[in-house]
Amino acid sequence: MTRNYTPVRFTAVSIDGEFWRERLDTVLARTIPSQYEQLEGNGMLASLDVPRPPPPLRIPVGEHGLSTQIFWDSDIGKWIEAASYALAHRRDAAIEERIERIVDRYERAQAPDGYLNCWYLSRDPEGRWSNLRDCHELYCAGHLLEGAIAYWQATGRRRLLDVMIRYVQHIASMFGRGPGQRRGYCGHQEIELALVKLHHATGERAYLDLAAYFIDERGSQPPHYYDVEARARGDDPAKYWFGSYEYNQSHRPVREQDKVVGHAVRAMYMYTAMADLAADLGDERLKRTCETLWRDVTRHRIYLTAGLGPAAANEGFTRDYDLPNDTAYAETCASVALIFWAQRMLNLDCDGAYADVLEQSLYNGALSGLSRDGTHYFYQNPLESDGTHGRWTWHPCPCCTMNIARLVASVGGYFYSTGRDTLAIHLYGGNTADIDLGGTRVRLQQQTAYPWDGQVRISLDPSAPARFRLRLRIPGWARSHALKLNGAPLPSAPKDRGYVEIDRTWTPGDVVELTLPMPVERVYADPRVRADVGRVALKRGPLVYCAEQVDNPDAPLDLVRLPAAARIESAARQDLLGGIVSLVAEGEVALVDPEDARLYRTARVPKRPVRLTAVPYYAWANRGSNAMQVWIAED
């Protein structure tokens, strides 16, 4: 097996459609500058000066014996990455200068042997590499490395990349199976996928081999590495706070894993690297493992919004069908990381099942993590709220803030892939792309109001007439579709793994029109999802909807019912949330008599009609904290 498809880089895609352009402009103008101010105001940038003695902790040690300050390098790395993606869209001298000053500090901080972790250099220089299980040194290195690669690719400036390559060389000397090396791997996966990126950026095979080592070694040897290092530092492995190495997916060698367990973000990052390695190394067994884990998570452990992880205790997974709504953890980072994994799986063999989940997460579970104003966030994304869950401006562990920013800033990189004589369109939205297809330059333009409307006009302008296959994804939610080529209807073609193909010689000015009807649909959960029994959710196109109390002031949401026969209509609302399509239905609300104190009764509670309005889930809590429900009781 070889890598069959390669994503078209986001730098080749110019976003001009209203939906994603608005969000991209917000991230460029507000999110990235405000995040820098938070990094500075919360002392994170000052930590790069490696003060000795170090100042008192800004964030106290928590219940697991660590301060989240230990992760600060990773947050700075993600900010550099997000800012670099933004620079590729629009050069900004002020942002570039801020990154350059950060690079100055990292250059000064780096140890002579290449080591670079500001927490350890300042606070515990003798403790380097002594606690891979908990202390995230390799995780921080991975995010800094991703930031360095993005900055180099966006601007051509490579000082930070050179700093990080020296650090990677140090890491390669420390870890492996050679004499005197440690057989370790990080408790929070991330370095693995970053090393694959570095291999792709530089062509150096050694970086791919190091990524493969970290994946192959994970959980592979008795005694377990984390037990060995715990004893070496004087800790009792039996007192590990989580109790099981399922938490960080090191309980078994990765190729033997068949259940998605533990911390959701760690799992998604690891699976992303596994899919990358399966493609780059032709590892069929690793590919089959990824497919097994994909089936497990999508059949048993994913929310309708593509949120992942119901539990706060491990920020991750529990058991099959355990998907509570009001206590859903569903970390924004996990949905972002699911998109990374889905994209890698998609590019193995262009199967639309992966694109369906990518889109589901992009428009719902991930996008909900960022407010419309670009400066407020969700860490957790429940599917029901009593009004106490609200957006915040910063967090003691601000990982989600930069994660959602770097996703939105690079969203163009998820629309297209190229294969041998093939151009695949995975996502729809207004954009213009310049694509190299086997030496032929193809300019492709999408004109559409997607996700509000399913009419998509695709103009293709190859630099010269060229024969290739155009693969158009028909989303899993689409019950029908229609195609036209240069104004003439095309006969219905069988789908190949969720895509239809047009194989022809393309000439400048060719136009494909795709119609994807978007009726409102009711969605029902598997009856083994106890939280959703007797409830219904609403979808239209790729968007999951929710009812917010602010739109339904006449009825408490927990007393509202949606009759099974009720008609649900869509309505374009330019006056609401910057312009959306809302859903409206005639519901019912239980009549509760405040004078009737009975807890139980033998007759059904009477009801009255009520107009029910629903808005896209991603947009909730942008008008203040208020009650919300995705799953509505159905009569």
Q: Determine, using ring centers only, whether Trp20 and Phe415 are less than 6.0 Å apart.
A: no

Q) Tell me, do Phe71 and Cys397 make a side-chain contact under 4.5 Å, heavy atoms counted? A) yes

Q) To the nearest 0.5 Å, how far apart are SG in Cys140 and CG in Asn117? A) 5.5 Å

(Q) Just verifying a value: how many Å separate Leu132 CG and His188 NE2, rounded to the nearest 0.5 Å? (A) 14.0 Å

Q: Just do the salt bridge (Lys or Arg N to Asp or Glu O under 4.0 Å) check on Lys259 and Glu246 with the steps written out, would you?
A: CA-CA 10 Å; Lys259 291 295 295 181; Glu246 284 190 354; over 6 Å; no

(Q) Before we go on, tell me: are the rings of Tyr185 and Tyr226 under 6.0 Å apart, centre to centre? (A) yes

Q: Tell me, please, which residues at least two apart from Ala334 pass side-chain contact (heavy atoms from CB on, under 4.5 Å).
A: Ala264, Val265, Leu308, Glu331

(Q) Does either side chain, that of Arg344 or that of Asn347, offer a donor lying less than 3.5 Å from an acceptor on the other one? (A) no

Q: Enter the distance from Gln153:CD to Glu81:CD here, rounded to the nearest 0.5 Å.
A: 9.5 Å

Q. Strictly by modelled atom types, are Asn381 and Thr305 linked by a side-chain donor-acceptor pair under 3.5 Å?
A. no

Q) Below 4.5 Å, heavy atoms only, C-beta onward: do Glu146 and Arg406 meet side chain to side chain? A) yes

Q) In terms of side-chain heavy atoms, does Glu100 have a donor or acceptor partner in Tyr151 at a distance below 3.5 Å? A) yes

Q) In Å and rounded to the nearest 0.5 Å, what is the OH to CG distance from Tyr207 to Leu145? A) 9.0 Å

Q | Ring-ring centroid check Tyr85 His89, cutoff 6.0 Å | A | no

Q.
Do Arg128 and Tyr115 form a cation-pi contact, if we require the NZ or CZ to be under 6.0 Å from the six-membered ring centre and within 45 degrees of the ring's axis?
A. yes

Q | Heavy-atom closest pair, residues Ala154 and Ser84 | A | CB-O, 3.2 Å

Q: Give a yes or no on whether the backbone of Phe317 and the side-chain of Asn314 come within a donor-acceptor separation of less than 3.5 Å.
A: yes

Q | Side chain proximity check, Met44 to Pro398, heavy atoms < 4.5 angstrom | A | yes

Q: State yes or no: are the ring centers of Phe175 and Trp129 separated by less than 6.0 Å?
A: yes

Q.
How close do Val261 and Ala267 get, counting heavy atoms only, and between which atoms?
A. O-CB, 4.3 Å

**Q.** Test item: side-chain donor near acceptor, Tyr379 and Glu315, under 3.5 Å
**A.** yes

(Q) I need the Gln69 CD to Asp75 CG distance, nearest 0.5 Å. (A) 11.0 Å

(Q) Taking the ring of Trp241 and the ring of Tyr247, is the distance between their centroids below 6.0 Å? (A) yes

Q) Do Glu37 and Glu40 have side-chain heavy atoms sitting under 4.5 Å apart? A) no

(Q) For a 4.5 angstrom cut-off between non-hydrogen side-chain atoms, does Leu87 reach Arg90? (A) no

Q: Go through the side-chain N and O atoms of Gln360 and Asn364 and say whether any donor and acceptor fall under 3.5 Å apart.
A: no

Q. Taking the inter-plane angle between the rings of His136 and Tyr139 on a 0 to 90° scale, is it parallel (under 30°), tilted (30 to 60°) or perpendicular (over 60°)?
A. perpendicular

(Q) Do Gln249 and Gln257 pair up side chain to side chain, a donor and an acceptor below 3.5 Å, judged on atom types alone? (A) no

Q | Under 3.5 Å side-chain donor-acceptor pair for Asp258 and Thr292 | A | no

**Q.** Main-chain N/O of Ala172 paired with Gln181 side-chain donor or acceptor, under 3.5 Å
**A.** yes

Q. Do Asp235 and Tyr240 get their side chains close enough for a donor-acceptor pair, meaning under 3.5 Å?
A. no

Q) Can you check salt bridge (Lys or Arg N to Asp or Glu O under 4.0 Å) on Asp104 and Arg159, steps first, answer last? A) CA-CA 9 Å; Asp104 290 342; Arg159 276 199 307 145; 2.9 Å; yes

Q. Any side-chain heavy atom of Glu359 sitting closer than 4.5 Å to one from Tyr354?
A. no

Q: Report yes if the side chains of Tyr271 and Leu338 come closer than 4.5 Å at any heavy-atom pair, otherwise no.
A: no

Q: Using the test ring pair (Phe, Tyr, Trp, His ring centres under 6.0 Å), find all partners of Trp394 that sit at least two apart in sequence or belong to another chain.
A: none

Q.
Just so I know, are the side chains of Met164 and Leu144 near enough to count as touching, which here means a heavy-atom distance under 4.5 Å?
A. yes

Q | Row check, Tyr213 ring normal vs Arg177 NZ/CZ: under 6.0 Å, within 45° | A | no

Q. Sub-3.5 Å donor-acceptor pair from the side chain of Thr332 to the main-chain atoms of Cys400, do we have one?
A. no

Q: Show your reasoning for whether salt bridge (Lys or Arg N to Asp or Glu O under 4.0 Å) applies to Asp276 and Lys197.
A: CA-CA 9 Å; Asp276 265 336; Lys197 281 188 178 182; over 6 Å; no

**Q.** Euclidean distance, Cys350 SG relative to Met345 CE, rounded to 0.5 Å
**A.** 13.0 Å

(Q) I'd like to know if the side chain of Asp49 and the backbone of Pro51 have a donor-acceptor N/O pair within less than 3.5 Å. (A) no

Q.
Below 30° counts as parallel, above 60° as perpendicular, anything between as tilted: where do the rings of Trp392 and Tyr377 land?
A. tilted

Q: Any chance you could lay out the salt bridge (Lys or Arg N to Asp or Glu O under 4.0 Å) test for Glu229 and Arg133, step after step, and finish with the verdict?
A: CA-CA 9 Å; Glu229 71 165 11; Arg133 186 191 72 188; 5.4 Å; no

Q.
Would you say Asp280 and His200 are linked by a side-chain donor-acceptor pair, where the criterion is simply a distance under 3.5 Å?
A. yes

Q.
For the backbone of Val61 and the side chain of Ser67, can you confirm whether one donor and one acceptor N or O come within less than 3.5 Å of each other?
A. no

Q. Does the side chain of Tyr329 pick up a donor-acceptor pair with the side chain of Gln380 at under 3.5 Å?
A. no

Q) Which of parallel (below 30°), tilted (30 to 60°) and perpendicular (above 60°) describes Tyr414 and Phe340? A) parallel

Q) Do His251 and Tyr245 have ring centroids that are under 6.0 Å from one another? A) no

